Amino acid sequence: MKTRLTICLLALALAGCGGKAVLDRSEVETTGDGTSTADTVGEYKLALAQRIAQVNSTKVYIGRPQALLRSVVVVKYVVDAKGGLVRSEIMRSNRDRSTEATALASLRSTAPFPKPAPSLLRHGRVELMETWLFNNDGRFQLRTIAEPQMDE
């Protein structure tokens with residue numbers, strides 16, 4: 001229920017922003033020591049997607065992605081118990097080097113992330129995958145928080 005409410009509030013905030021990236025940092029909830037309040041990997045992934053979009057707001061496309069995307073880049077990344085980015089790698093791409101570089105750079109520029117809850121860790125780390133959806137202008141949305149694509 002909390003996740004649905006967060007998504008609805010984010011959608012309402014974006015709907016009223018007139019094409020400008022206006023994202024509230026308070027949406028990524030943490031405890032006093034910087035640990036994410038997310039109880040599941042899905043909630044943690046959502047919190048990180050929101051944070052990536054906040055930090056890289058000038059590179060984020062607001063609104064519905066175009067019907068035929070310039071590029072879709074899937075990145076697997078690992079976050080340690082302190083929220084540090086351990087590694088990241090391209091898992092799927094159309095080999096558009098510019099969009100691949102943007103996806104990886106946006107991930108690196110966001111680190112460190114909120115610490116994952118201890119219950120989410122496996123061997124002291126949490127492994128996640130995210131998809132960057134790029135429009136022709138080189139701006140992106142993250143699939144976890146993206147609006148539906150336009151029809152052709």
Side-chain angles (χ1 to χ4, degrees), residues 2-3 5-14 17 19-65 69-147 149:
K2 183 177 177 182
T3 301
L5 179 60
T6 301
I7 291 170
C8 288
L9 290 174
L10 179 62
L12 288 171
L14 292 175
C17 70
K20 293 184 180 178
V22 179
L23 298 170
D24 183 1
R25 289 193 182 274
S26 67
E27 299 221 20
V28 179
E29 296 179 23
T30 60
T31 63
D33 72 349
T35 300
S36 172
T37 59
D39 295 330
T40 66
V41 173
E43 288 176 2
Y44 186 62
K45 179 180 175 180
L46 175 65
L48 295 191
Q50 291 169 339
R51 176 126 171 92
I52 293 166
Q54 291 165 353
V55 170
N56 298 279
S57 63
T58 60
K59 297 175 188 165
V60 173
Y61 180 81
I62 302 300
R64 294 176 66 190
L69 294 167
R70 169 182 169 178
S71 183
V72 175
V73 179
V74 179
V75 177
K76 178 170 71 172
Y77 63 104
V78 178
V79 176
D80 67 20
K82 294 180 180 180
L85 180 63
V86 175
R87 71 173 179 274
S88 59
E89 63 180 298
I90 304 291
M91 298 302 293
R92 177 178 170 239
S93 172
N94 65 342
R95 295 196 169 101
D96 180 332
R97 299 298 178 222
S98 176
T99 58
E100 289 177 352
T102 298
L104 293 172
S106 67
L107 194 58
R108 283 190 306 271
S109 69
T110 305
F113 300 103
K115 299 174 194 173
S119 62
L120 303 181
L121 298 173
R122 301 290 176 259
H123 306 291
R125 299 174 175 183
V126 61
E127 185 175 295
L128 304 154
M129 290 184 71
E130 183 59 78
T131 303
W132 276 251
L133 308 170
F134 285 91
N135 276 353
N136 287 341
D137 64 5
R139 291 182 297 158
F140 66 86
Q141 282 191 5
L142 299 170
R143 178 165 279 157
T144 300
I145 57 175
E147 294 184 39
Q149 274 180 264

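Only heavy atoms go into these numbers, but all of them, side chains included; no hydrogens, no water, no symmetry mates. Since the structure is predicted, the reported quantities are computational estimates derived from the model, not experimental observations.
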**Complete:** Here the pair of heavy atoms bringing P114 nearest to T30 is CB-CG2, 3.7 Å
**Complete:** When every non-hydrogen atom of V75 is compared with those of A103, the smallest separation belongs to CG2-CB, 4.3 Å
**Prompt:** So, D80 and K82, do they make that salt bridge, N to O below 4.0 Å?
**Reply:**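 No, D80 and K82 are not salt-bridged.
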**Prompt:** Any Lys/Arg nitrogen of K76 or E89 sitting under 4.0 Å from an Asp/Glu carboxylate oxygen of the other?
**Reply:**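 Yes, charged N to carboxylate O under 4.0 Å.
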Could you grab the distance from atom [atom1] of [X] to atom [atom2] of [Y], nearest 0.5 Å is fine?
X	Y	atom1	atom2	value
T144	E130	OG1	CD	3.0 Å
Q54	L48	CD	CG	10.5 Å
S36	R51	OG	CZ	11.5 Å
K45	L120	NZ	CG	13.5 Å
Y77	I52	OH	CD1	4.5 Å

**Prompt:** Judged by atom type as modelled, is there a donor-acceptor pair below 3.5 Å linking the side chain of D33 to the main-chain atoms of T35?
**Reply:**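 Indeed, once roles are kept as given, a pair shorter than 3.5 Å links the two residues.
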**Message:** So does A47 get a backbone contact from the side chain of E29, meaning a donor-acceptor N/O pair under 3.5 Å?
**Reply:** no
**Verdict with reasoning, V72 to L133, per side-chain contact (heavy atoms from CB on, under 4.5 Å)** = CA-CA 5 Å; V72 175; L133 308 170; 4.2 Å; yes
**Message:** Quick check on side-chain contact (heavy atoms from CB on, under 4.5 Å): which of L104, N56, L85 does S109 satisfy it with?
**Reply:**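 Among L104, N56, L85, the one that satisfies the side-chain contact (heavy atoms from CB on, under 4.5 Å) with S109 is N56.
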**Request:** Apply the test side-chain contact (heavy atoms from CB on, under 4.5 Å) to residues S98 and R70: give CA-CA distance (whole Å), side-chain angles for both, the deciding distance (0.1 Å), then the verdict.
**Result:** CA-CA 11 Å; S98 176; R70 169 182 169 178; 3.8 Å; yes
